[in-house]
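A short write-up of the structure that comes next.
Fair warning: this is a prediction, and the values are worked out from it, not measured in the lab. FYI, the numbering just counts along the sequence from 1.
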Amino acid sequence: MRVMITGAGGFLGRQLALHLLEMGSLRGRAIDALVLLDQRLDGFPADPRLRLLAGSITEPALLRRALADGMDVVFHLVSVPGGTAEQDYGLGYQVNLLGSLELLDQLRRSARPPVVIFASSVAVYGGDLPARMDEQQPPRPALSYGSHKLMLETLLEDLARRGEVDGRALRLPGIVARPPAPNGLRSAFMSDLMHALAAGEAYRCPVSPLATAWWMSARCCVDNLLLAAELENPGNPRTWQLPVLHLSVGQVVDALVQTFGEDRRHLVSYQPDAALEALFGRFPPLRTPLARTLGFRHDGNALALVRNALDLAPRPRRPRSIPSLA
């Protein structure tokens with residue numbers, strides 16, 4: 001079993017890589033090689049299964065080297081964040097679109113179709129969402145980032161139809177809690193709020209306490225990515241909207257206060273940015289019956305989200321049944 005992660009040095013990719021090393025197997029087979037690709041790959045353990053390739057996904061020669069011995073499963077996570085991609089269109093175009101197209105073109109030439117899990121985004125829906133929505137909501141991206149994600153979903157579905165790639169795309173919500181550092185994400189306030197209150201630091205929130213978003217911890221997201229890889233005969237469509245926790249910022253603050261103490265509540269002040277809240281603070285309730293049938297899940301509730309996002313509880317060790325739609 002040979003596995004590759006693009007964007008492996010990032011917040012989500014690093015957690016996925018470490019968890020795969022701990023698991024030791026995927027799709028019922030022992031992992032012989034775990035190929036990690038990103039521009040920086042610092043701090044990974046010494047492990048004979050690891051192969052580190054530092055560089056950009058925009059380099060075709062690097063991709064050829066990474067895939068030279070064949071690949072069974074690929075987690076394609078690398079991307080330029082939405083805010084950065086909007087400000088620097090050329091960078092987003094090169095990485096989020098052209099680099100991904102090159103990766104998929106090389107993968108479709110494999111001797112055996114690899115399983116490809118693509119980290120898409122709820123950014124494909126754009127703004128002005130209905131009061132309630134489900135998995136059938138038509139995508140209407142409002143940012144270049146979302147447009148590029150939607151293009152790749154379409155290509156992945158087509159390659160799956162052709163039998164050249166066993167593609168699976170997951171539309172990810174806001175994943176928390178990312179490290180408190182500049183990352184180009186317009187939704188960074190979701191993580192910054194958590195880190196600040198956990199550390200007992202004051203935080204000025206750029207959206208109101210009534211702003212609603214879709215939340216998921218990185219721990220829960222990794223579990224969903226692994227489930228997507230494990231699914232046998234997933235049928236159609238091959239793009240799934242993950243279940244989400246629909247929470248207001250005020251509800252997340254309540255969960256943080258319940259976790260760390262009532263004295264943390266006064267640390268939060270609000271200075272709403274109308275444009276930001278229009279994009280990231282007006283998400284409606286979201287039904288995902290198909291994804292739930294397949295076994296995908298959210299964190300459960302706001303308190304569990306805080307525990308998982310801030311790594312306050314050990315990861316449960318329990319088997320998960322893998323449904324099939326065959």
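- Under the 4.5 Å side-chain criterion, counting only non-hydrogen atoms from C-beta, Leu231 is in contact with Trp240.
- Although no hydrogens or angles enter the test, the distance criterion places a donor-acceptor pair under 3.5 Å between the side chain of Trp215 and the main chain of Leu247.
- Taking the side-chain contact (heavy atoms from CB on, under 4.5 Å) definition, one finds that His298 meets it with Pro243, Leu245, Arg292, sequence neighbours left out.
- Shown here for Gly55 and Leu37, the closest heavy-atom pair between the two residues is O-CD2, 4.0 Å.
- Arg49 places a side-chain N or O within 3.5 Å of a backbone atom of Leu21 that can act as its donor or acceptor partner.
- Shortest non-hydrogen contact noted between Leu150 and Pro139 is CD1-CG, 3.7 Å.
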Applying side-chain contact (heavy atoms from CB on, under 4.5 Å), run through Thr58 and Leu98 and close with a yes or a no.
-> CA-CA 7 Å; Thr58 61; Leu98 294 189; over 6 Å; no

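- Across Arg51 and Ala66, no two heavy atoms sit closer than the pair NH1-O, 3.9 Å.
- Judged purely by atom type and a 3.5 angstrom limit, Arg171 has no side-chain atom pairing as donor or acceptor with the backbone of Tyr125.
- Under the 4.5 Å side-chain heavy-atom criterion for grouping Ile, Leu, Val, Met, Phe, Trp and Tyr, Leu12 is connected to Leu41 within one hydrophobic cluster.
- If you chain together hydrophobic residues whose side chains sit under 4.5 Å apart, Val244 and Leu303 never meet in one group.
- With respect to Asp72, the salt bridge (charged side-chain N to carboxylate O under 4.0 Å, His left out) criterion is satisfied by exactly one of Arg2, Arg29, Arg27: Arg29.
- The closest side-chain heavy-atom distance from Arg168 to Asp166 is below 4.5 Å.
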Residues 260-270 side chain polar contacts: donor-acceptor under 3.5 Å, at least two apart:
| from | atom 1 | to | atom 2 | distance (Å) |
| --- | --- | --- | --- | --- |
| Glu262 | OE2 | Arg265 | NE | 2.7 |
| Arg264 | NH1 | Leu197 | O | 2.5 |
| Arg264 | NH1 | Ala198 | O | 3.1 |
| Arg265 | NH1 | Asp254 | OD1 | 2.8 |
| Arg265 | NH2 | Asp254 | OD1 | 3.4 |
| His266 | ND1 | Asp263 | O | 2.5 |

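- Residues satisfying the side chain to side chain donor-acceptor pair (under 3.5 Å) criterion with Asp38, sequence neighbours excluded, are absent altogether.
- In this structure, Glu135 contributes its side chain and Ala291 its backbone to a donor-acceptor pair below 3.5 Å.
- Shortest non-hydrogen contact noted between Val35 and Met71 is CG2-CE, 4.0 Å.
- Looking at residues two or more places apart in sequence or on another chain, you find a salt bridge (Lys or Arg N to Asp or Glu O under 4.0 Å) between Asp311 and Arg219.
- Note that the CG atom of Asn224 and the CG atom of Leu170 stand 7.0 Å from one another [nearest 0.5 Å].
- The only member of His148, Gln241, Glu153, His76 that meets side chain to side chain donor-acceptor pair (under 3.5 Å) when paired with Ser120 is Glu153.
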Show your working on side-chain contact (heavy atoms from CB on, under 4.5 Å) between Val122 and Leu242 and close with a plain yes or no.
-> CA-CA 9 Å; Val122 297; Leu242 290 182; over 6 Å; no

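- Distance check, rounded to the nearest 0.5 Å: CD1 of Ile57 to CD of Gln39 gives 10.5 Å.
- Distance alone, capped at 3.5 Å, is enough to place a donor-acceptor pair between the Asn96 side chain and the Val80 backbone.
- At a threshold of 4.5 Å between non-hydrogen side-chain atoms, the residues Arg238 and Asn236 count as touching.
- A continuous path of ILVMFWY side-chain contacts below 4.5 Å connects Leu312 to Leu256, so both sit in one hydrophobic cluster.
- For Gln106 (side chain) and Arg64 (main-chain N/O), a donor-acceptor pair under 3.5 Å exists by modelled atom type.
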Take Asp128 and Arg140, measure what salt bridge (charged side-chain N to carboxylate O under 4.0 Å, His left out) needs, and give me the verdict at the end.
-> CA-CA 9 Å; Asp128 195 24; Arg140 295 188 180 91; over 6 Å; no

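- Among all heavy-atom pairs drawn from Ile117 and Ala229, the shortest one is CD1-CB, 3.6 Å.
- Taken to the nearest 0.5 Å, the OG1 atom of Thr84 stands 6.0 Å off from the CD atom of Gln87.
- Taken from CD in Glu102 to CD in Glu59, the straight-line distance is 11.5 Å, to the nearest 0.5 Å.
- A side-chain donor-acceptor contact under 3.5 Å links Asp299 to the backbone of Ser217.
- Grouping the Ile, Leu, Val, Met, Phe, Trp and Tyr side chains by contacts below 4.5 angstrom, directly or via other members, places Val222 with Met23.
- Side-chain atoms of Tyr145 and Pro81, non-hydrogen and from C-beta on, never get closer than 4.5 Å to each other.
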Test side-chain contact (heavy atoms from CB on, under 4.5 Å) on Leu104 and Phe118 and set out the steps.
-> CA-CA 10 Å; Leu104 291 176; Phe118 170 55; over 6 Å; no

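- Neither Val115 nor Leu63 shares a network with the other; the hydrophobic side chains, linked directly or stepwise wherever heavy atoms of I, L, V, M, F, W or Y lie under 4.5 Å apart, form separate groups for each.
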Pair Asp273-Phe189, side-chain contact (heavy atoms from CB on, under 4.5 Å): steps then yes or no | CA-CA 11 Å; Asp273 176 326; Phe189 69 89; over 6 Å; no

Report all side-chain donor-acceptor pairs from residues 275-287 shorter than 3.5 Å, counting only partners two or more places apart or in another chain.
| from | atom 1 | to | atom 2 | distance (Å) |
| --- | --- | --- | --- | --- |
| Glu277 | OE1 | Ser208 | N | 2.9 |
| Glu277 | OE2 | Ser208 | OG | 2.9 |
| Glu277 | OE2 | Arg282 | NH1 | 2.7 |
| Glu277 | OE2 | Arg282 | NH2 | 3.1 |

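- Leu53 is not listed as a side-chain neighbour of Met4, based on a closest heavy-atom distance of 4.5 Å or more.
- Here Asp223 pairs with Arg297 in a salt bridge; the nearest charged N to carboxylate O distance falls below 4.0 Å.
- Between Lys149 and Pro141, the closest side-chain pair of non-hydrogen atoms is not below 4.5 Å.
- Within the 4.5 Å cutoff, no side-chain heavy atoms of Met151 are placed close to those of Thr154.
- Rounded to the nearest 0.5 Å, atoms OG (Ser100) and CG (Leu152) are 4.5 Å apart.
- For the atom pair CG (Leu18) and CD (Gln15), the distance works out to 8.0 Å, reported to the nearest 0.5 Å.
- Put simply, the side chain of Gln94 does not reach to within 4.5 Å of the side chain of Ser56, judged on heavy atoms.
- Here the side chain of Asp32 pairs a donor or acceptor atom with the backbone of Met1 at under 3.5 angstrom.
- With sequence neighbours excluded, the residues satisfying side-chain contact (heavy atoms from CB on, under 4.5 Å) with Ala17 are Ile5, Leu34, Leu36, Phe44.
- Formation of a donor-acceptor pair under 3.5 Å by the Thr6 side chain with backbone atoms of Leu77 is found in this model.
- For the residue pair Leu172 and Ala119, the shortest heavy atom distance occurs at CD1-CB, 3.9 Å.
- Counting only distance, with no hydrogens or angles, the side chain of Ser191 and the backbone of Ala188 share no donor-acceptor pair below 3.5 Å.
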